[in-house]
Amino acid sequence: MSFLFGRGGAQQQQQQSSLNLTAAESELDMITDLFNRIVETCYRKCIPAPYQDGELTKGESVCIDRCVSKYFETNAKVGGKMSGGAAGR
Amino acid sequence: MSFLFGRGGAQQQQQQSSLNLTAAESELDMITDLFNRIVETCYRKCIPAPYQDGELTKGESVCIDRCVSKYFETNAKVGGKMSGGAAGR
Amino acid sequence: MSFLFGRGGAQQQQQQSSLNLTAAESELDMITDLFNRIVETCYRKCIPAPYQDGELTKGESVCIDRCVSKYFETNAKVGGKMSGGAAGR
Amino acid sequence: MDLSNLNAVERAQMEQLIEQKQMKDFLRMYAGLVDRCFNDCVNDFTSSKLTSKEETCVTRCTDKFLKHSERVGQRFAEQNAQLQQGGQGR
Amino acid sequence: MDLSNLNAVERAQMEQLIEQKQMKDFLRMYAGLVDRCFNDCVNDFTSSKLTSKEETCVTRCTDKFLKHSERVGQRFAEQNAQLQQGGQGR
Amino acid sequence: MDLSNLNAVERAQMEQLIEQKQMKDFLRMYAGLVDRCFNDCVNDFTSSKLTSKEETCVTRCTDKFLKHSERVGQRFAEQNAQLQQGGQGR
């Protein structure tokens with residue numbers, strides 16, 4: 001019987017462990033997704049074809065820095081509206 | 001021995017349960033995907049930047065309604081061709 | 001005790017089996033993804049709207065063949081640079 | 001969507017799954033909204049902070065998109081109901 | 001794709017997995033096709049039903065795309081076979 | 001990202017998960033890079049091999065993108081650190 005009881009206790013630990021991992025995994029996915037979107041978007045905004053060479057120009061580098069900064073600001077602004085204002089779903 | 005037999009029966013129930021859930025989950029994913037595609041497509045067709053304000057204009061609202069209707073019609077039309085005509089894969 | 005021992009051995013087999021399947025599944029996903037990207041890209045490059053009819057023209061067919069060939073060549077070229085040159089991550 | 005062929009245990013599992021998917025879909029929509037409004041509104045990289053013109057555009061873009069999404073949801077539900085009744089079923 | 005390092009049980013599981021993925025990929029292609037043909041063909045929102053011009057365009061778009069996809073499949077298989085023989089592996 | 005609420009077993013599992021995701025993300029980036037450079041550079045279908053002009057473009061595109069991605073990574077890490085300190089959480 002203690003075998004069954006022990007398994008029940010192990011199951012509860014399993015579930016909590018599973019929840020902790022799921023939460024950490026979700027967070028990792030969100031950060032990765034945000035990073036990938038910024039790479040994609042800022043490339044389109046700052047580095048147009050045709051490509052003169054394989055280095056970043058000074059102008060492109062500055063644009064990238066400002067683009068990342070503005071994207072984070074936009075991300076926070078939209079997030080603020082969505083938690084404060086009317087839900088659209 | 002009944003333990004093993006019972007587990008076999010439970011396994012069969014588990015598989016059927018798993019199939020039912022998988023089918024329901026697939027259906028949910030398809031509906032969600034269709035909805036997201038319509039939101040994306042009809043926004044591009046009906047609501048161009050620049051944005052004069054934060055409300056939908058009368059014209060934009062009517063466009064959205066018709067866009068959703070036409071998208072469903074297109075979805076059915078393509079589906080009909082793909083089940084009836086030659087497979088392309 | 002042999003029950004436990006057997007389960008340990010089965011677990012090891014399970015893990016190796018799981019790794020083999022994971023590797024085969026990853027390979028399948030990569031090939032499928034490459035195929036889908038080529039279909040999408042070469043359609044955009046070779047078959048512009050408006051559509052005169054439902055058949056591929058001779059010109060479109062030749063374009064598709066060459067597009068697939070060039071895409072594979074580009075895929076190899078980029079792969080070569082990424083394994084040989086500086087990592088960007 | 002017809003859940004009537006699921007028993008009570010399956011229905012509870014499905015409801016938990018729906019809840020997880022709704023959260024995932026909300027995050028997906030939020031990320032897409034940031035991306036769209038940034039792409040439509042932010043084109044001036046002479047500074048690293050949003051200009052007031054860009055801020056206004058982002059605000060309007062967000063409002064418009066959420067209302068748009070709500071309206072699509074209403075029309076979508078109507079279309080789906082028509083399909084169910086028409087017997088085209090699923 | 002080399003399945004020879006899998007035993008019989010694994011091969012059966014892989015075949016079932018391939019089948020599920022093919023179904024998933026078919027649905028993905030179908031959804032993408034509807035999206036593409038709608039985007040290319042439907043631009044007139046003065047009515048809520050497709051015009052006959054739009055219907056024709058959607059039909060042609062679907063036919064063209066399926067033939068295109070078939071042709072890409074043939075060229076893709078040839079390229080893949082060349083890579084296997086060339087020993088470039090994958 | 002705060003892993004301090006995970007015990008030792010969970011941390012090991014998380015580290016393995018992060019490793020798998022990094023591999024998956026690397027493959028995703030590689031595929032996206034091929035797609036982008038092909039789209040930007042390859043427009044001449046009078047032959048089935050890349051022209052030398054196209055080859056040069058693909059090389060430059062790849063170099064530029066990888067340097068771009070590296071720079072975004074640096075700015076991203078700084079922004080993320082600011083958010084942590086500001087107590088805006090995540």
Side-chain angles (χ1 to χ4, degrees), chain C residues 11-12 14-16 18-48 56-89, chain F residues 1 9 12-13 15-80:
Chain C
Q11 260 193 359
Q12 283 174 347
Q14 186 72 19
Q15 285 172 356
Q16 187 53 43
S18 183
L19 282 170
N20 290 343
L21 280 177
T22 303
E25 189 183 353
S26 284
E27 195 177 331
L28 179 58
D29 285 346
M30 280 201 294
I31 294 175
T32 304
D33 181 63
L34 176 62
F35 176 76
N36 289 333
R37 282 175 179 272
I38 294 179
V39 166
E40 173 80 32
T41 298
C42 293
Y43 191 86
R44 252 198 335 265
K45 293 278 187 186
C46 293
I47 306 177
L56 296 175
T57 69
K58 184 98 179 72
E60 287 169 344
S61 301
V62 165
C63 180
I64 292 167
D65 296 348
R66 291 171 178 167
C67 182
V68 176
S69 172
K70 286 195 172 206
Y71 200 101
F72 266 82
E73 202 183 335
T74 307
N75 196 51
K77 198 169 186 58
V78 172
K81 282 197 69 62
M82 285 183 68
S83 38
R89 297 202 82 220
Chain F
M1 198 180 69
V9 172
Q13 285 177 307
E15 274 159 23
Q16 195 191 35
L17 193 63
I18 289 175
E19 205 177 295
Q20 288 170 7
K21 282 179 185 288
Q22 278 182 335
M23 174 55 74
K24 205 170 163 190
D25 202 54
F26 174 79
L27 293 175
R28 195 206 56 80
M29 180 193 74
Y30 167 57
L33 180 50
V34 173
D35 213 53
R36 176 200 314 282
C37 295
F38 186 91
N39 271 300
D40 284 354
C41 295
V42 182
N43 294 296
D44 171 3
F45 297 100
T46 57
S47 111
S48 59
K49 295 252 160 271
L50 295 176
T51 67
S52 75
K53 188 174 157 199
E54 287 173 335
E55 279 198 40
T56 307
C57 180
V58 166
T59 300
R60 289 174 180 169
C61 172
T62 303
D63 287 336
K64 256 203 191 326
F65 182 86
L66 291 174
K67 292 180 178 101
H68 162 78
S69 187
E70 188 175 13
R71 193 173 185 98
V72 170
Q74 291 160 347
R75 298 295 89 81
F76 186 93
E78 290 161 11
Q79 288 281 341
N80 236 1

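Just so we're on the same page: letters track the sequence lines, and every chain starts at 1.
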Worksheet item: Looking at NZ of C:Lys77 and OG1 of F:Thr62, how far apart are the two atoms once the value is rounded to the nearest 0.5 Å?
Response: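 Spacing of NZ (C:Lys77) from OG1 (F:Thr62) equals 8.5 Å.
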
Practice prompt. For residues C:Arg37 and F:Gly32, report the shortest heavy-atom separation together with the two atoms involved.
Written response: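 What the structure gives for the nearest pair is NH1-CA, 3.8 Å.
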
Discussion item. Could you report the tightest heavy-atom contact between F:Ser48 and C:Ser69, atom names first, then the distance?
Written reply: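 Scanning both residues, the minimum pair turns out to be O-OG, 2.7 Å.
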
Worksheet item: Under 3.5 Å, side chain of C:Lys81 to main-chain N/O of F:Val58, donor-acceptor pair present?
Response: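 Checking the backbone N and O of F:Val58 against the side chain of C:Lys81, no donor-acceptor pair under 3.5 Å is found.
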
Worksheet item: Does the F:Tyr30 side chain pair with the main chain of C:Val78, one donor and one acceptor, at a distance under 3.5 Å?
Response: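 Looks like no, no N/O pair under 3.5 Å.
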
Practice prompt. Show the numbers, then the answer: is there a side-chain contact (heavy atoms from CB on, under 4.5 Å) between C:Arg66 and F:Lys49?
Written response: CA-CA 8 Å; C:Arg66 291 171 178 167; F:Lys49 295 252 160 271; over 6 Å; no

Practice prompt. Indicate whether any N or O donor in one side chain lies under 3.5 Å from an N or O acceptor in the other, for F:Asp35 and C:Thr41.
Written response: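 F:Asp35 vs C:Thr41: donor-acceptor pair found between side chains.
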
Discussion item. Under the rule for side-chain contact (heavy atoms from CB on, under 4.5 Å), what residues qualify as partners of C:Thr57, not counting sequence neighbours?
Written reply: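 Once residues adjacent in sequence are excluded, the partners of C:Thr57 under the side-chain contact (heavy atoms from CB on, under 4.5 Å) criterion are C:Glu60, E:Lys64.
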
Practice prompt. For F:Glu54, enumerate each residue passing the side-chain contact (heavy atoms from CB on, under 4.5 Å) test, keeping only those at least two apart in sequence or located in another chain.
Written response: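 So F:Glu54 forms a side-chain contact (heavy atoms from CB on, under 4.5 Å) with C:Lys70, F:Val42, F:Asp44, F:Leu50, F:Thr51.
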
Discussion item. Do C:Thr22 and F:Gln20 make a side-chain contact, defined as non-hydrogen atoms from C-beta onward lying under 4.5 Å apart?
Written reply: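 Contact flag for C:Thr22/F:Gln20 side chains = no.
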
Worksheet item: When only pairs under 4.5 Å are counted, which of F:Cys41, F:Cys37, F:Ser47 shares the most heavy-atom pairs with chain C?
Response: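 Between F:Cys41, F:Cys37, F:Ser47, the count favours F:Ser47.
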
Discussion item. Does any backbone or side-chain atom of C:Asp33 lie under 4.5 Å from a heavy atom of chain F? Answer side chain, backbone, both or neither.
Written reply: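 For C:Asp33, the contact with chain F is made by the side chain alone.
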
Practice prompt. Apply side-chain contact (heavy atoms from CB on, under 4.5 Å) to F:Phe45 and C:Ile64, showing your working.
Written response: CA-CA 9 Å; F:Phe45 297 100; C:Ile64 292 167; over 6 Å; no

Item to complete: Step through the shown structure and confirm whether more than 12 heavy atoms of other residues, nucleotides or ligands are within 6.0 Å of NZ on F:Lys21.
Response: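 Count over threshold, so yes.
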
